[in-house]
Amino acid sequence: MYPYRIQYDVHCFARFRKNTFSRKKGLYMLQKPRGTTDILPGESEAWQETEAILRKTASLYGFSEVRIPTFEVSELYQRGVGETSDVVQKEMYTFVDNDRRSMTLRPEGTAGVVRCVIENGLTGGALPLALSYFVTCFRYEKPESGRFREFSQFGVELFGADAPVADANVILLGRDLFRNLGIRHISLEINSIGCKACRPLYREALHTYFSPYQNQLCDTCLGRLETNPLRIVDCKSELCSQFAKDAPKTIDHLCPDCHAHFEAVKACLDAAGVEYTVNPRIVRGLDYYQRTVFEFISTHEAFRSTLCGGGRYDGLVEELGGPAVSGIGFATGINRLILAMKAEGNLLPVSPSPLLYIAALGPDAQKYAFSLAAYLREKEIFAAFDQTGRSLKAQMKYADKKNAAFTLIVGDGELEKGEAFIKNMETGVQTPVNLKDFAAIVTAIGKEANR
Ligand code: HAM
C-alpha cells in the first residue's frame, strides 16, 4: 500500500515513485522532489544572516522590499521573460487551475515585479523607483551542484533611471553584497548586447557566422539559429562554444547611443575602482535584456558558479502594458551564496546554544523549570528545560549535546529546600542559588555570558 492515492498515468507513476519514494522497513517513505532542498537548523541560521546582510546592504542604496505572488498567469512569463528563452521553452512549472487558466510557478522575479509595478501604478510616484525582493523560484532544470529546481533569489530592480551611472550604481551594489558577505573569490564580467536598433544587424551577423556550422550545432542551438542566435554565443556544449569563440562580438555592433552608454558605464565603474572584465560572451538567458548585462562569478576552486546575473531591460515595462519607464536590476541565488561562503570557509552562524539548561525531575520541578525559562526569556536569555520526563542522566547528556553554558538541577528535594546549584559547564564551578529569586539566577549565570 502506498501512503497516498495517486492518480497518474502508469509510466509517469513508475518514474515518480522511483524519484519520490524510498523503500525503508517495508514502507515507501516520501522523499523531497529532485532538485529541492531541506534547510535544517544549523544551516537556516546562515540563511537568516545572509538575508539580513542582503537586505541591509540594499536598503543603504535606497531599495525597499516588495513581496509578490509565487504563481502568476503563464502569459506574464511568456511575454516578459520571452518565448525563445530556455526558461519559457523548457523549464517552467505550468499548470491549469480549476478555472482552466494557465498558471506558472515563478521562474524568476523580474517579470512579477514589473507586473506589480504596473498594476499598482508605482511608476506614478517619485522616480527612480528602487525595489528589492526575496523570492522562491522554480525551474525544471537538470539538478547539479548549485543548480536546483526550487531555489531562492534576492533581487533588486531600479525603474526610471536611464543614465549610465544607474547601471554602475546597481553593479556597485552587487559588488558590495559580495564584500559584505565575505565572498572574496569573485569576478565581475560585463557586456553590452545593444538595443532594438542595433540588435537586428548583430543577429544577422551571427546568423551569417553560424550558418556554415549548422550541421554541427547542438539541437537547441540549431533552433536558436533562426529564433535567437544570440543565445548560441553562451551555449555550454563543447562544439558550440568552440564555434562561438570567434563569433562576432556584440560590442563591435553597437549603435552610437549604445556604444556611448557602455563606455560611460565603464568610466563610472573605473571611477569607483570596481574591477571588471568585458566578456563578449555574456549575453544572458532571458529575452528582456538590452544594453548593459553583467554577471558575478564565484572563482573559488571549490565552487565555480554564477552567483548573480542582471542587466538593463528598457522596454519591458511597456511590453507588459505599462508606461515607457526604463529598468535595470539583478538577482543573486541564495542557495549558491551559501555554497560560495562555505567554499570560502566563512564562519557561518550556528544554532544558538542555551545559556542555561534546567534539568527537572518530576512534574513539580518541570512546572518550576517552565516558569523560570519563561522569566529568563523575558530577560532575553535562552534557557532550555526538560519537556520529556526522562532520567537525569539523559537530560544531562542532552544539555551537553546542546552545549549549554550552565545547568541547574531541580528535583523534589531542591524545591522543598528552595535551594539548588548552578553549574558552569566549562569550569565546573557550582554556585548556590535561591530557587525563588529569579533575578539572582540571572545574576548567577551572568547575562553578559549569553552566547
Ligand atoms: P538569472 O541569471 O536567471 O537571472 O538568475 C539569477 C541568479 O539566480 C543566478 O545568477 C543564480 O545565482 C540563481 N539561479 C538561477 N537559476 C538557478 C538554479 N536553477 N538553481 C540555483 N540558483 C539559480 C534572473 O533571474 C533575472 N531575473 C535577474 C535580473 C533581475 N535581471 C534583471 N533584474
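Both counts, for ligands and for their atoms, begin at 1 and track the order of listing.
The two residues G109 and Q153 come nearest to each other via the heavy atoms N-OE1, 3.7 Å.
Between R231 and D234, at least one side-chain nitrogen of the basic residue sits less than 4.0 Å from a carboxylate oxygen of the acidic one, meeting the salt-bridge criterion.
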Tabulating one pair per line, provide the atom names and distances (0.1 Å) for every N/O atom of ligand 1 that is less than 3.5 Å from a protein N/O atom.
| from | atom 1 | to | atom 2 | distance (Å) |
| --- | --- | --- | --- | --- |
| ligand 1 | 2 (O) | R284 | NH1 | 3.1 |
| ligand 1 | 2 (O) | R284 | NH2 | 2.8 |
| ligand 1 | 3 (O) | R139 | NH1 | 3.0 |
| ligand 1 | 3 (O) | R139 | NH2 | 2.9 |
| ligand 1 | 4 (O) | R284 | NH2 | 3.0 |
| ligand 1 | 5 (O) | Q153 | NE2 | 3.2 |
| ligand 1 | 8 (O) | Q153 | NE2 | 3.1 |
| ligand 1 | 10 (O) | C308 | N | 3.3 |
| ligand 1 | 12 (O) | T306 | O | 3.2 |
| ligand 1 | 12 (O) | L307 | O | 3.0 |
| ligand 1 | 12 (O) | G333 | N | 3.1 |
| ligand 1 | 16 (N) | R139 | NH1 | 3.4 |
| ligand 1 | 19 (N) | E141 | OE2 | 2.7 |
| ligand 1 | 19 (N) | F148 | O | 2.8 |
| ligand 1 | 20 (N) | F148 | N | 2.9 |
| ligand 1 | 22 (N) | R336 | NE | 3.4 |
| ligand 1 | 25 (O) | R139 | NH2 | 3.2 |
| ligand 1 | 25 (O) | Q153 | NE2 | 3.0 |
| ligand 1 | 27 (N) | E108 | OE1 | 2.6 |
| ligand 1 | 27 (N) | T110 | OG1 | 2.8 |
| ligand 1 | 27 (N) | Y288 | OH | 2.9 |
| ligand 1 | 31 (N) | Y289 | OH | 2.6 |
| ligand 1 | 33 (N) | T110 | OG1 | 3.2 |
| ligand 1 | 33 (N) | E157 | OE1 | 2.8 |
| ligand 1 | 33 (N) | E157 | OE2 | 3.0 |
| ligand 1 | 33 (N) | F330 | N | 3.3 |

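Y93 and Y140 have perpendicular rings, their planes meeting at more than 60° on a 0 to 90° scale where under 30° would count as parallel.
Just one residue in the list E319, E157, E72 forms a salt bridge (charged side-chain N to carboxylate O under 4.0 Å, His left out) with R115, and that residue is E72. Results of the salt bridge (charged side-chain N to carboxylate O under 4.0 Å, His left out) test with E141 over K90, R149, R147 single out R147 as the only residue that passes.
The side chain to side chain contact (heavy atoms under 4.5 Å, CB included) check on D38 picks up K32, L40, with sequence neighbours excluded.
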